[in-house]
Amino acid sequence: MKRPSLVSQGSLSRIFQAVNEAWKRRDFQAAIELMERASRLNPSNTGILLDLGHMYGLRYDYAAAEHCFDQAVRIASKKSEVLVTAGRQSRDFGSFTMAEHYFKCALEQKDVSLEALILLAEVYERLRRADEAASLVDRVLQSDAACGAALILRARLDRQAGRLAEAEQRLRTFPASAEPTVRANAGYELGGILDRLGRYEEAMTVFLGAKNLLLQNAAPHLAELKIVRQRIQIMQAGLNPDSFQRWLADAPSLKPPRRLALLGGHPRSGTTLLEQVLDSHPDITSAEETEIFHNEAYLPLTRSLPFDLPFLSVLEAASPNELVQSRQCYFDSASKFLKQSIGGRLLIDKNPSLTFLVPALIRVFPEIKLLILLRDPRDVVLSCFMQPVPLSQVGSAYLTMEGTVAEYSTMMSLWQTVKPMIDGRFLEVRYEDMVDDLKSVALRALDYLEVSWDDRVLGFDQHAREKVVRSPTYADVTQPVYKRAMGRWHHYRKYLEPHLAELEPFVKAFGYE
């Protein structure tokens, strides 16, 4: 029997508004408690349970998320819809095994949708179960030969299997009636295939067409990006060596000492490759591209301070007790995310975006090791431009070559400012050196990290096949090291030509003349 709601719709609306406000200010626990209250007041509302499960998942409490999803499924009148939503939300917070469970349950329902088949196929593709993914995609295409999402996934599977001609043909007949975002995704996939085939002019034409489709809705994201870049420039101008020296000197007072390293640099510089190499070592574990440091270590330092207090002032205001608490919260959340105890192992936080937060990392963890990946700036810019990313604040930067160059310049200028202020407490690693001599680079990185050699690091591709890789390059790192991405920018020189002067200081500074 359906349980009645114990509260008016107006009261629920006020609770939901409070939930949104708490989540927006990153007071996650308050938001969850409010949503729990809403669920108690309206226990038959599957939407509340699904949202609550999603929130728990984003907070790395996967058991609580699964409990909420299962409860929503039990009371749902249309179970297939709830199962699909639970699967989508599980995928959203990175639990592909949980997503697989709910999508498979959706397939057992009499009213199973083509959407459920596609979503499960996408999970199988991420889990490198290509045959199962292909079987599901083909079922969809038998029912709807013009299904855009299925055509893109089928082409991706063909590309990964080396069937480039077949992949191209599928995308050449892509339905013009598909949504702009879907057509843009098809364009990115086709552009990548043409690049692999050496048809560079065609590839760039297709990439530019995909960008134009996304630019139609990019204005709000570009406005946000402009504000963020202005804040970064202000923060960069205020950096000084005295602050760093005081923060580094605090290391002995912040106990217990932590084994932590940042694997940063700019996106598409080889961070995923080096992460998989190092993560293959039994004394190392890695957390890949999470917001744990920002949400659990930095944001708590801001909560008792004025909203508009500058970034560096927040760091200076942090008390020893607050820093110790931030350190503990960070490692507790990392353990939850990894679903295992970190113990005495070295934790590597692989996240190029955290390069912007190096000052905060040093403030909270003055003992941190900084591994910064470098790659020819022209190849980095081109790779970012060609990489499909969701339309977001950062993603909007990559919609034009000019914006991509500006994003690179913003991040790496900051690193160039920080570098001389921290007394050589970092190691820069070149992507090209990894490709040429992986063992030598791995030896140097492990020596810097104070970790002994282990031959397993050279079998990183096998290791990567045994885990879920969150990076967009998840398929590439399951292969042995390849050289085809080195110097690729030469094929697109005319498109980079107007921006080479802006990149030249980085080309010289990083030794790529």
Review point. Side-chain donor-acceptor pair under 3.5 Å between E66 and Y56, yes or no?
Key: no
Practice item. Would you sort out whether L347 and L338 count as a side-chain contact (heavy atoms from CB on, under 4.5 Å), showing the intermediate values? Key: CA-CA 11 Å; L347 172 62; L338 293 168; 4.1 Å; yes
**Study point:** Polar side chain donor-acceptor pair, Y495 to E201, under 3.5 angstrom
**Key:** yes
Check your understanding: Closest approach of L213 and A184, non-hydrogen atoms and distance?
Key -> CD1-N, 3.7 Å
Check your understanding: Just by distance, do the side chain of D279 and the backbone of S286 share a donor-acceptor pair under 3.5 Å?
Key -> yes
Point to revise | For R154 against A134, the heavy-atom pair lying closest together | key: NH1-CB, 3.5 Å
Check your understanding: Within the side chain of D144, is there an N or O that forms a donor-acceptor pair under 3.5 Å with the backbone of V140?
Key -> no
Check your understanding: What are the two closest heavy atoms between D158 and A167, and how far apart are they?
Key -> CB-CB, 3.8 Å
Practice item. Please indicate whether E132 has more than 12 foreign heavy atoms, meaning atoms of other residues, nucleotides or ligands, lying under 6.0 Å from its CD. Key: yes
Review point. Got a donor-acceptor contact below 3.5 angstrom from the K350 side chain to the L263 backbone?
Key: no
**Study point:** Contact summary for S353 and M411, nearest pair of heavy atoms
**Key:** CA-CE, 4.2 Å
Review point. Is the cationic atom of K339 (NZ for Lys, CZ for Arg) positioned less than 6.0 Å from the six-membered ring centroid of Y62 and within 45 degrees of its normal?
Key: yes
Check your understanding: Under 3.5 Å, side chain of S269 to main-chain N/O of H266, donor-acceptor pair present?
Key -> yes
**Study point:** Y330 side chain to D349 side chain, donor-acceptor N/O pair below 3.5 angstrom
**Key:** yes
Review point. Should E432 and L374 count as side-chain neighbours, where that means a heavy-atom distance under 4.5 Å?
Key: no
Practice item. Determine whether more than 12 heavy atoms belonging to other residues, nucleotides or ligands lie under 6.0 Å from atom CZ of R231. Key: no
Exercise for review: May I ask you to decide if Q276's main-chain N or O and S280's side chain share a donor-acceptor pair within less than 3.5 Å?
Suggested key: yes
Review point. If we ignore angles and hydrogens, is there a donor and acceptor under 3.5 Å between the side chains of T85 and R88?
Key: no
**Study point:** Side-chain heavy-atom pair Q89, D51 within 4.5 angstrom cut-off
**Key:** yes
Exercise for review: Could you check R159, R196, R199 and say which one makes a salt bridge (charged side-chain N to carboxylate O under 4.0 Å, His left out) with E168?
Suggested key: R199
**Study point:** Derivation of the side-chain contact (heavy atoms from CB on, under 4.5 Å) call for Q236 and S413
**Key:** CA-CA 9 Å; Q236 183 175 343; S413 291; 3.9 Å; yes
Check your understanding: If we only count heavy atoms from C-beta on, is the I75 to L49 side-chain gap below 4.5 Å?
Key -> yes
Review point. I32 versus V19: any side-chain heavy-atom pair under 4.5 Å?
Key: no
Review point. Out of curiosity, K494 NZ to Y200 OH, how far, rounded to the nearest 0.5 Å?
Key: 14.5 Å
**Study point:** Contact check, side chains of L114 and S143, non-hydrogen atoms, under 4.5 Å
**Key:** yes
Review point. Between atom CH2 of W415 and atom CZ of F510, what is the distance when rounded to the nearest 0.5 Å?
Key: 9.0 Å
Exercise for review: Report yes or no: does T290 contribute a side-chain atom to a donor-acceptor pair with the main-chain N or O of I292 at less than 3.5 Å?
Suggested key: yes
Review point. Any donor and acceptor pair, going by atom type alone, linking the side chain of S39 with main-chain N or O of M35 inside 3.5 Å?
Key: no
Check your understanding: Among V137, L107, D138, whose side chain to side chain contact (heavy atoms under 4.5 Å, CB included) with L117 holds?
Key -> L107
Point to revise | Cationic N near anionic O, under 4.0 Å, D61 to K336 | key: no
Point to revise | Over 12 non-hydrogen atoms of neighbours within 6.0 angstrom of CD in E21 | key: yes
Point to revise | SB check E166 R170 (cutoff 4.0 Å) | key: no
Study note, to complete from the structure: Between G187 and V206, the two heavy atoms sitting closest are O-CG1, 3.1 Å
Review point. In this structure, are over 12 heavy atoms from other groups packed under 6.0 Å from E402 atom CD?
Key: no
Practice item. Take N20 and K24 through the side-chain contact (heavy atoms from CB on, under 4.5 Å) test and state the conclusion after the steps. Key: CA-CA 6 Å; N20 291 333; K24 189 174 181 178; over 6 Å; no
Review point. Would you say M204 and L382 make side-chain contact, with heavy atoms under 4.5 Å?
Key: yes
**Study point:** Evaluation steps, salt bridge (Lys or Arg N to Asp or Glu O under 4.0 Å), between E100 and R129
**Key:** CA-CA 12 Å; E100 177 190 2; R129 292 156 62 178; 3.0 Å; yes
Practice item. State whether the side chain of R375 and the backbone N or O of Y431 hold a donor-acceptor pair below 3.5 Å, judged by distance alone. Key: no
Exercise for review: Determine, stepwise, if the pair Y408 / C384 fulfils side-chain contact (heavy atoms from CB on, under 4.5 Å).
Suggested key: CA-CA 9 Å; Y408 180 89; C384 287; over 6 Å; no
Point to revise | Nearest heavy-atom neighbours spanning A397 and L225 | key: CB-CD2, 3.6 Å
Review point. Is any side-chain heavy atom of V405 less than 4.5 Å from a side-chain heavy atom of F385?
Key: no
Exercise for review: Calculate, to the nearest 0.5 Å, the distance between atoms CG and SG belonging to L52 and C68 respectively.
Suggested key: 4.0 Å
Review point. Is it true that a side-chain atom of R378 and a backbone atom of Y512 form a donor plus acceptor pair closer than 3.5 Å?
Key: yes
Review point. Does one side chain, of T400 or K211, offer a donor that lies under 3.5 Å from an acceptor on the other?
Key: no
Point to revise | Reported CZ-to-CD1 distance for the pair R139 and I118, which is rounded to 0.5 angstrom | key: 11.5 Å
Exercise for review: Report yes or no: do D70 and Y102 form a side-chain donor-acceptor pair below 3.5 Å?
Suggested key: yes
**Study point:** Euclidean distance, S392 OG relative to H221 NE2, rounded to 0.5 Å
**Key:** 7.0 Å
Practice item. Please check if the side chain of T46 supplies one atom and the backbone of A72 the other of a donor-acceptor pair under 3.5 Å. Key: no
Practice item. May I ask you to test the E33-R37 pair for a side-chain heavy-atom distance under 4.5 Å? Key: no
Review point. So with a 6.0 Å cut-off around CG of D111, is the heavy-atom count from everything else above 12?
Key: yes
Check your understanding: So how far is it from W489 CH2 to D379 CG, rounded to the nearest 0.5 Å?
Key -> 8.5 Å
Check your understanding: Do Y60 and F28 have ring centres separated by under 6.0 Å?
Key -> no
Check your understanding: Is it true that Y298 and F293 have ring centroids separated by less than 6.0 Å?
Key -> no
